[in-house]
Amino acid sequence: MGANKNAVFLGITILICLIAYRECASNYTFPSYFLFGTGTSSYQIEGAWNESGKGENLWDFVTHNTPEFIDDRSNGDIACDSYHKYEEDIALLKNLGVNFYRFSVSWARIYPNGYPYNPNQEGIAYYNTLIDALLAQNITPMLTIHHWDVPQRLQELGGWTNSRMVNIFTEYARTLLENFSDRIKYWITFNEPYTFCNEGYGSTRYAPALNMSGRADYLCAHNVLKSHAAVYHLFNNTYRSRNNATMGICLSAMWYEPSSPEDEEATERTRQFIIGLYSNPIFSTNGDYPEVMKEYIGNRSVAQGYSKSRLPQFTSDEIEFIKGTFDFLGMNHYTTRLARNSPPTNNMVSFNSDMQTEMWVNSSWPGGREPIVPSGFRKLLTWIKNTYNNPIVYITENGYGDNGELDDYVRVSYYGSYLEALLEAINEDNVNVRGYSAWSLMDNFEWKSGYTWRYGIYSVNFTDPNRPRTAKLSATFYKNVIANRAVGDYPSLS
Ligand SMILES: *[C@@H]1O[C@H](CO)[C@@H](O)[C@H](O)[C@H]1NC(C)=O
Ligand SMILES: *[C@@H]1O[C@H](CO)[C@@H](O)[C@H](O)[C@H]1NC(C)=O
Ligand SMILES: *[C@@H]1O[C@H](CO)[C@@H](O)[C@H](O)[C@H]1NC(C)=O
Ligand SMILES: *[C@@H]1O[C@H](CO)[C@@H](O)[C@H](O)[C@H]1NC(C)=O
Ligand SMILES: *[C@@H]1O[C@H](CO)[C@@H](O)[C@H](O)[C@H]1NC(C)=O
Ligand SMILES: *[C@@H]1O[C@H](CO)[C@@H](O)[C@H](O)[C@H]1NC(C)=O
Ligand SMILES: *[C@@H]1O[C@H](CO)[C@@H](O)[C@H](O)[C@H]1NC(C)=O
Ligand SMILES: *[C@@H]1O[C@H](CO)[C@@H](O)[C@H](O)[C@H]1NC(C)=O
Ligand SMILES: *[C@@H]1O[C@H](CO)[C@@H](O)[C@H](O)[C@H]1NC(C)=O
C-alpha cells in the first residue's frame, strides 16, 4: 500500500518537524496525581494455553479449529510466554518507571470449563504471584476481569447472548474479589464490550464471529451491562473496603467527526450507538439505553415485522441497578472517523442500518491504517466530560499498530501528539483524566491479525523460543515522558 512513498513522506515531515519542534510543543506538564502505565491481556501474552489446569477458551478453540480465521494462521499457545516470563516483564515495567500495570485474568485458568465451582487453585496462585511481584516493585496492579477469553464451554452455551452468563460471570468475579481484593486498587469488569459484542457477535471481525448484526450484538450488550452492574454492586457492598479500591469498565471509543455541519445530528447518533450503547446505561443521569437507539431500533423492528424492538428492554429496576455503577471510566482510544447520515435502502436487519449512518477515513489524515488524529482524542474527552458530568477517566488504552520495526518513529509521533492533546484536554478543557496506559507493553497476539500487526513499545521475537524482548524507540520515548512528566521532543506528522 504505497509503503515506500509513505516512508519518504514520513522522513521529510519528521525532519521538518524536528527543526520546527519548538513551535510544535506546548509546555504543559502532567499533574502530580497523574499515573502512567502500560497494558496487556491474558490471551494476547500469556501462552501456556494448556498448563497448570487451564481450560480451553474461545480463542484457543477458534485458533485451533479454524486457523484460517487468523491472518497468519497463528495462535496464542505460546504468545509472549509471559506466563513463565512475568519477572522479565516486570523488569521492563520497572525500567519504564510506570506507576501501574494493566493486565487481565484468564477466566479459563480460574474456571477451566467455565462453571463456577471448585476454582483451579494453580490459576489463582499464578495471579497471586504476579500481583505480589508487581507490588514488590512498587507497581500498582490494574486488573481486568474479562478481556474477551470466555471459557469455550460457556461459549457453546451461547456466550454473552445467554442471560445465565450474568450469574456465572458474577461468581467468577467473586472468586477474584475474594482472592485478590486485599491487594488490587483498580478493577475493570470488561474490556471493550463494543468490540466483542458488535464485532464478535454482530460481525466476523472477532471471535465468535457470529455475524448476527442487529440481533446478537444487542443481546450481548444487554447481558454484559447486567453483569457489569452485578459485579460492581458485589464489589461496592463487600470488597471495596479491603483495599479502598475503585472499579470501572473499559469502553472503546473512536472520535466521530461530522463530515459536514449538516451531519452533526447523524454523527451524534453514531456516538450514541457505538459509545452510548454501553456508557449511557452506566454513566448518564437517567440511565438506560440512549433514547435515539430506542427510537431508531424500535421503529425499524416494527417495520420489519418484529412484535417488539430487537434492542432488549431494561425494567425500571434494572435501569436503577445499572445506573452509577462506576468509580471511573476506562477509555480505550486509537483513532477517528468521519460520519454522515446514510438511511438504509432496504429492510435488512443490521446494526449499521439501525444507526443509519456511515463512517470513513479522511484520506488526508496521516498514519495509514489507523489515522493519527490527536485533535479527535481531545474532542472525545470533552464529549465524555460534557455528556456524563465530568467522570474520572483513565486512558486505559492508546497506541499505534505497525509491522514491528524497532525504529518506530511513527509510533513515537503518535504517542507524542496524543499525549500533547491529552495535556491540552486536562489543562485547557479541565477534563478529569487521572492516568494513561500505553497499549501495549510489548508486541503480542493481535487477535485476527495474529502477529502481523504490532502495538508493543517493546518488540518480541516470536521465532526465538526464548521470546526475547527489545526496547523500541517508543519505549525510550515513553520512559522519558514518565520521568519528565512532560511530552518532550517528538517528530510531528503534520
Ligand atoms: C514553551 O516554552 C518556550 C521556552 O520558554 C517558549 O519559547 C515557547 O513559546 C513555549 N511554547 C508554547 C506553546 O507556549
Ligand atoms: C499442550 O499443548 C501443546 C501444543 O501447544 C502440546 O504439545 C502438549 O502436549 C499439550 N500438553 C498437555 C498437557 O496437554
Ligand atoms: C482463594 O480464596 C479462597 C477463599 O478465600 C481460599 O480458600 C483459597 O485458598 C484462595 N486460593 C489461593 C490460591 O490463595
Ligand atoms: C455476514 O452477514 C451479511 C448479512 O447477512 C452477509 O452479507 C455477509 O456475507 C456475511 N459475512 C460473512 C463473512 O459471512
Ligand atoms: C480511599 O481512596 C480515595 C480515592 O479513591 C481517597 O480519596 C480516600 O482518602 C481513601 N481513603 C482512605 C481511608 O484511604
Ligand atoms: C479532510 O482533511 C482535510 C485536511 O485536514 C480538510 O481540509 C478537509 O476538510 C477534511 N474533510 C472532511 C470531509 O472533513
Ligand atoms: C419513530 O416512530 C415514531 C412514531 O411513529 C415517529 O414519531 C418518529 O418520528 C419515528 N422516528 C424515526 C427516526 O423514524
Ligand atoms: C456504593 O456503596 C455506597 C456505600 O454503601 C453507597 O452509598 C452507594 O450508593 C453505592 N453505589 C452504588 C452505585 O450502588
Ligand atoms: C529472532 O530469533 C531468531 C531465532 O533465534 C533469529 O534467527 C532472528 O535473527 C531473530 N530476529 C531478530 C530481528 O532479531
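For reference, positions follow the sequence shown, starting with 1. Atoms within each ligand, like the ligands themselves, are counted from 1 in listed order.
- At least one side-chain heavy atom of Tyr86 sits under 4.5 Å from a side-chain heavy atom of Thr129.
- Annotation for Asn65: atom CG counts as buried by contact number, over 12 foreign heavy atoms lying within 6.0 Å.
- A salt bridge between Arg153 and Glu56 is present, with a side-chain N of the basic residue lying under 4.0 Å from a carboxylate O of the acidic one.
- Sorted by chain and number, the heavy-atom contacts of ligand 2 below 4.0 Å come from Trp49, Asn50, Asp77.
- Each of the following atoms of ligand 8 lies closer than 4.0 Å to a heavy atom of Asn236: 1 (C), 2 (O), 3 (C), 8 (C), 10 (C), 11 (N), 12 (C), 14 (O).
- The closest approach between any non-hydrogen atom of Phe326 and ligand 8 is not below 4.0 Å.
- With sequence neighbours excluded, the residues forming a salt bridge (Lys or Arg N to Asp or Glu O under 4.0 Å) with Asp402 are Arg411, listed by chain and number.
- Salt-bridge check for Glu264 with Arg271: passed, with a basic side-chain N closer than 4.0 Å to an acidic carboxylate O.
- Ion pair Asp429/Arg378 flagged as a salt bridge, since at least one NZ, NE, NH1 or NH2 atom sits closer than 4.0 Å to an Asp/Glu carboxylate oxygen.
- For ligand 7, the atoms lying closer than 4.0 Å to a non-hydrogen atom of Tyr296 are 13 (C).
- Every atom of ligand 8 is numbered from 1 in the order shown, and the set under 4.0 Å from a heavy atom of Tyr232 is 13 (C).
- Each of the following atoms of ligand 8 lies closer than 4.0 Å to a heavy atom of His233: 14 (O).
- Residue Tyr394 is tested with Tyr186, Tyr436, Phe34 for a ring pair (Phe, Tyr, Trp, His ring centres under 6.0 Å); the sole match is Tyr186.
- In the vicinity of Gly324, heavy-atom distances shorter than 4.0 Å reach the ligand 8 atoms 13 (C).
- By the salt bridge (Lys or Arg N to Asp or Glu O under 4.0 Å) test, Arg337 pairs with no residue at all, sequence neighbours left out.
- Under 4.0 angstrom from ligand 8, there are no non-hydrogen atoms of Arg240.
- Every side chain to side chain contact (heavy atoms under 4.5 Å, CB included) that Ser449 has, sequence neighbours left out, goes to Asp71, Arg369, Glu446, Thr452, Trp453.
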